[in-house]
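Input: a single structure, listed below in structure tokens.
Remember, it's 1-based here, ligands and their atoms both numbered in the order they're listed. FYI, the numbering just counts along the sequence from 1. Owing to the predicted nature of the structure, the values given are computational and were not obtained by experimental measurement.
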Amino acid sequence: MINKFISNRDMDVLWHPCTQMKDHETFPIIPIAKGHGIYLEDFEGNRYIDGISSWWVNLFGHANTYINGKVKEQLDTLEHVILAGFTHEGIVTLSERLVALAPEGLTRCFYADNGSSAVEVALKMSYHAHRNRGDNRALFVSLSNSYHGETLGALSVGDVALYKETYEPLLIRSIQTPCPIDQSLESAIEAVEEFKKLLGERSSEIAGLIVEPLVQGAGGMVMYHPHFLSEAKRLCSEYGIHFIADEIMVGFGRTGTMFACEQASITPDFLILSKGLTGGYLPLSVVMTTETIYGAFYCDYNPHRSFLHSHSYTGNALACAAANATLDLFENNKVIEANRELSKVISEGLKRFAARKEVKEIRQCGMIGVIELQSYNASERIGVKIHRHCLALGVLIRPLGSVVYVMPPYVITPEELEHIFDAIESALNELTL
Ligand SMILES: *Cc1c(COP(=O)(O)O)cnc(C)c1O
């Protein structure tokens, strides 16, 4: 009954993210008492496999002993310090490590405290870098169906109507070029042609192109061929347009390489990281950029040329400790290699859904597996029903409409992955037809 007690108190004072609160009149919110590895446990001892890494952030499980230790150590030393005029060892070490890991040429780290804020930073920096060179370019291009966060600037460059439409009058201008429709080379080539056409017409107005490399997350786990990235980057360089890689979801091994851009062998002008950066522990984000961009702001004091952007918690020391611990785990455990084996288990698991008639497509990119159902009537809320069915079986997944996906922490076992697929299969057996 503790579950109920807490969820009732919750309903009196909270307003939850991305939620119609009235839904919880009939389906109570679940209070979590503790986390351990891939499991979340409520106050009555029910356990749920975290099949979506708690909104795509968790990499090495909840209450990970190693990360816990490093955060506790930091806590006794320095919890936070202003990052203007001061620095701390954790953030210097973290920046050195990120520079060494990221595509060659990304040598500067600017921190914020969540993904959307980092997108704002990249957009402002891109615009401002052009401006500092006397070039007034205020237009951003993004891909159709893209998602870059919920703050107004980030929402402006996104293209998911569900989140964006209502706020349209508040947004800055952006235009979209088609995202490749699937993972084939042909679709990538077609999308490149469309981008070329757009550049032919409007390149001189455009400050930057922002993309989610290889996988569009919130837009429905749409996946595409790396050829699009390498060609789009080449075109951007040709036209003096910044290439902004939003790797907030795909960074840190999610697509099978440390960063998705590696698969296209490109160095973006801006690389945005958050989510997995701290292993899913604490809010932190970073915009990595080149000496060229950095140089556009570097001069004797001139308020108009300096990047006067800050957040109170920029570069928080506890978050940096979690991030450094996360990178230790990558180094010490050959995670990218180990994930190749887990990816094979995901692809085997997906196969059992391929022939079902309610399934439109299965697809996969590294540690993300997708079962997309045939189009359905939105008012049926099939995704919500699948979510609830799986919860009752001890599995947390959160379909995006009719797109059912798994994105587990990297410490999951093949047996636990099977359990997730069993739950999804049971949901489809019960709920579709
Ligand atoms: C989650 C996400 C964001 C926004 O990050 P928040 O920390 O939720 O603000 C931006 N871009 C992509 C690709 C994301 O997946």
Give the table of side-chain donor-acceptor pairs shorter than 3.5 Å for residues 82-90, with sequence neighbours excluded, one pair per line with atom names and distance.
unit_1	atom_1	unit_2	atom_2	d
His88	ND1	Ile91	N	3.4
His88	NE2	Gly315	O	2.8

Student check: side-chain heavy atoms of Ile424 and Val404 closer than 4.5 Å: yes

Those protein residues which place at least one heavy atom below 4.0 Å from ligand 1: Trp56, Asn114, Gly115, Ser116, Tyr147, His148, Gly149, Glu212, Asp246, Ile248, Met249, Lys275

Parallel, tilted or perpendicular: ring planes of Phe330 versus Phe252, cut at 30 and 60 degrees: tilted

Approximate separation, where rounding is to 0.5 Å, of Ile362 CD1 and Glu372 CD: 12.0 Å

Test item: side-chain donor near acceptor, Thr151 and Glu120, under 3.5 Å: yes

Pair Lys233-Ser237, side-chain donor/acceptor within less than 3.5 Å: yes

